[in-house]
Amino acid sequence: MSLIAAILWVLATTAVAMLPVERHFVPGRILLFIAPFLLVWMAFELGWMAVAFGLFAVGSMYRRPIKYYWTKWRQPTEGPQ
């Protein structure tokens with residue numbers, strides 16, 4: 001069942017990629033934040049090799065948003081001085 005969900009996730013991500021740029025943000029974020037839950041589900045049902053392929057797919061399709069959120073998360077916050 002998780003494999004079917006993963007295939008549907010890939011098809012949905014491909015459909016979002018075909019949208020105009022200004023319409024990418026909301027559905028793209030939703031799909032990006034669904035990915036870890038889908039990978040954990042795949043790990044329980046299919047094993048670590050399926051998760052490795054899934055991580056490669058997510059990293060390939062969402063490399064720029066992941067990089068953006070990583071740099072935003074790693075940025076030092078300014079505290080009171």
For a quick test of your reading: what N or O donor-acceptor pairs under 3.5 Å do the side chains of residues 51-67 make, sequence neighbours left out?
from  : atom 1 : to    : atom 2 : distance (Å)
Arg63 : NH1    : Ser60 : O      : 2.6

Worksheet item: If you link I, L, V, M, F, W and Y whenever their side-chain heavy atoms are under 4.5 Å apart, who else ends up in the same group as Met18?
Response: none

Discussion item. For Ile4, give me all partners under side-chain contact (heavy atoms from CB on, under 4.5 Å), at least two apart in sequence or on another chain.
Written reply: Leu8

Worksheet item: Considering residues at least two apart in sequence or located in another chain, which fulfil the ring pair (Phe, Tyr, Trp, His ring centres under 6.0 Å) criterion with Trp73?
Response: Trp70

Could you list the donor-acceptor pairs under 3.5 angstrom formed by side chains in residues 29-42, with sequence neighbours left out?
from  : atom 1 : to    : atom 2 : distance (Å)
Arg29 : NE     : Tyr69 : OH     : 2.8
Trp41 : NE1    : Glu45 : OE2    : 3.0

Fill in: Transitive ILVMFWY cluster of Val21, excluding itself - 4.5 Å side-chain cut-off
none

